[in-house]
**Q** 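Starting off with a structure, shown below.
Because only heavy atoms are used, hydrogens play no part in the values below, and waters and symmetry mates are left out as well, while side chains stay in. Order of the sequence lines fixes the chain letters, A, B, ..., with proteins taken first and strands second; residue numbering starts at 1 for each chain.
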Amino acid sequence: MENHSKVANVEVAAILYEVARLLEIKGVRFKPQAYRRAAQAIEALPESIVDVAQEERLNDIPGVGKAIAGHLREIIETGGLEYLASLRAELPDGVQHLTRIEGIGPKKAIALSRELGVRTIDDLEAAALAGRIRDLPGFGEKTEANILTSIRMSRTAEARHLLGKILPVAREIEQRLAALASVSRVSLAGSIRRRKETVGDVDILAASSSPEEVMEAFATLPGVERVLARGTTKTSVVLSTGTQIDLRVVEERHFGAALQYFTGSKEHNIAMRRLAIARNWRLNEYGLTDLETGRAVAGEDEAGVYRALDLAWIEPELREDRGEIEAARAGTLPDLVGYDTIRGDLHVHTTWSEGVHSIEEMAETARALGYEYIAICDHAESLHIARGLSPERLADQVREIERINAGSDGTFTLLSGTECNIGMDGTIDLPDSVLADLDVVVASVHSGFKQSEEEMTERVLTAMQNEHVDIIGHPTGRILLSREPYRIDLATVFEAAAALGVLMEINAVPGRLDLSDINARSARGAGVRFSVASDAHRRENLRFMEFGVATARRGWLSADDIANTRPLPELQKILRS
DNA sequence: GCCGTTTTCGGCCCGACTGTTTTCAGTCG
Ligand SMILES: Nc1nc2c(ncn2[C@H]2C[C@H](O)[C@@H](COP(=O)(O)OP(=O)(O)OP(=O)(O)O)O2)c(=O)[nH]1
Ligand SMILES: [Mg+2]
Ligand SMILES: [Mg+2]
Ligand SMILES: [Zn+2]
């Protein structure tokens, strides 16, 4: 044990998710949901599952009982799970991967495996092309053709998309639908409304008294390549870009309940519906109904659904069944940071290093956004690929910033700064004397991601020991949909950051969002404060801030937790020397 | 397998769309 690095929460969760999938394919009832619930709770846990196990608190995790706690201890001690191995051995090889194809669930997957010996997607395609699928019971010619189409789609379309990339597309479709005469209300829903970092599709809700008209207009929107399903209340299409869009249409009087349903998450919905059941009510997308009297309790407006269940309003960003319902009942939900409370941006690049716009251009856009300050944090010298600044050039830049500030009306301030590099040994690529003269020092890891967890943790701790370092930039180095975070003991880092007064960055670049929602929540629990920053390399990208704030909100943060919601004098007190 | 503002046993969210079926299972949201 001593020599192994701790198994990560996500790795433990992945094992439980696989158990859930295999149990589902076996046809076992209820257990899959039990395993899935436990996996979700562990994935969102603000501390290491290993520590929780050590302190014998496994049963405090919602969804973890005697049996799963035993499995967890086995995973932590051995890295594997015998139960999972036996499930795998029991079922045909590869069967669980078949369900990645749209239209193939656990039942069809096991049938294809057992009857035709299909092991892979390629096998499946061959079987369909050979016409061997249509004769299986429960299958037919259409199913066979649909399988072929779904396989092709799975090869070309991405499984998930960055929120920052899809949100503009979603807003445009929302506008088009809102412009229809037959539509009285529209809202984005699903994971987009919850502002999840990646989204599987675009979910949109519309209110109308003539749904057929709406569906017809929707199915023939420009860019629609395929209609997956079309009914009077629900239609799904795929754009030529591969993006799936689901539209739900309801009557105006059901809009609130429908929005509650369609916003999700699924787990949040299930938890809400359980609350309704406990009162002998039923909650669905049409409303909250008293089963005894048959009368509608709520449904016209979304907030009414929460009120009727004695819950405080829950912002969409929190609806993941991560304790928000319990907190809403107890009245202990945080006052989430607002999208309009940001006063400045503490990580901005310019033409001095790899940026596209000048200091003045960045400042002009920042002012237009209503900011009171931004910190110019170009790279330092060791980052050659980013045209990093030498100490001399940086000194020139500081003088330039002073010059611009001197000509300003005092309502806006440029802060000098750097995004310096944390070397392999934790040293910073600028001398202390230079750092001391800067207003804001962001320090980030830009290379050497393959270090051991111990080395990386020590490396960042060493950097934080430098009294000039104000902020750790993109603290885990992850790139969404492409690069895993580097291994680092975040609990130790957060503890040190809180003690030293170093801010953790929530980098708002759509492909980063680093710290993540879950990590930010964990850091807040350790007493850490944050900088939510755009890391803009061009003026338009100052608008990335929205995604950083969304991540902060999903991490349960308040304005007080975030340094750049403070006016400049207060910010200056928060920053170190 | 988990869990309890009615329960320690008996439930487990609820509905739309499709294709295969002749009354509904499977899949998905
Ligand atoms: N009650 C209930 N609601 C569901 C279920 N599945 C989906 N929903 C609701 C909540 C979801 O947020 C919403 C949209 O479904 P999606 O499959 O698109 O999920 P979502 O957008 O949350 O995540 P995504 O990023 O698309 O994977 O529909 C379910 O099984 N039960
Ligand atoms: Mg969705
Ligand atoms: Mg959807
Ligand atoms: Zn940067």
**Q** Has Asn146(A) got a side-chain N or O lying under 4.0 Å from the OP1 or OP2 atom of dG19(B)?
**A** yes
**Q** Does the ring of Phe30(A) lie flat against the base of dC12(B), closer than 5.5 Å centre to centre with planes under 30°?
**A** yes
**Q** To the nearest Å, give me how far apart CD1 (Ile270(A)) and P (dC12(B)) are.
**A** 12 Å
**Q** What I want to check is whether an N or O donor and acceptor connect the side chain of Tyr261(A) with the base of dG15(B) at under 3.5 Å.
**A** no
**Q** If you find the nucleotide of DNA chain B closest to Ile101(A) and the one closest to Tyr286(A), which residue's nucleotide is nearer the 5' end?
**A**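 Result: Tyr286(A).
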**Q** Does Arg319(A) count as lying over the ring of Trp313(A), i.e. NZ or CZ under 6.0 Å from the six-ring centre, within 45 degrees of the axis?
**A** yes
**Q** Which base sits across from dT8(B) as a Watson-Crick or G-U pair, both distances under 3.5 Å?
**A** none
**Q** Counting only side-chain N and O atoms of Gln244(A), is one of them less than 4.0 Å from OP1 or OP2 of dG29(B)?
**A**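 So the side chain of Gln244(A) is within the cut-off, an N or O lying under 4.0 Å from OP1 or OP2 of dG29(B).
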**Q** Looking at Thr232(A), I'd like to know whether one of its side-chain N or O atoms comes within less than 4.0 Å of OP1 or OP2 on dA16(B).
**A** no
**Q** Does dG1(B) have OP1 or OP2 sitting under 4.0 Å from an N or O in the side chain of Lys31(A)?
**A**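 Affirmative; the distance criterion is met.
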**Q** Looking for any heavy atom pair under 4.0 Å, which part of the strands does Glu285(A) touch: base, sugar-phosphate only, or nothing?
**A** sugar-phosphate
**Q** Anti or syn, where syn is a glycosidic angle within 90° of 0; which label fits dT21(B)?
**A**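 Because its glycosidic torsion lies more than 90° from 0, dT21(B) adopts the anti conformation.
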**Q** Rounded to whole Å, please give me the gap between CZ in Arg29(A) and C1' in dA25(B).
**A** 13 Å
**Q** Heavy atoms only, 4.0 Å cut-off, all strands: where does Lys107(A) land among base, sugar-phosphate and nothing?
**A** sugar-phosphate
**Q** Taking OP1 and OP2 of dC17(B), is either one under 4.0 Å from a side-chain nitrogen or oxygen of Ser236(A)?
**A** no
**Q** Checking all strands, does Asp203(A) fall into the base, sugar-phosphate, or nothing category for heavy-atom contacts under 4.0 angstrom?
**A** sugar-phosphate
**Q** Any side-chain donor paired with an acceptor under 3.5 Å for Tyr17(A) and Glu43(A)?
**A** yes
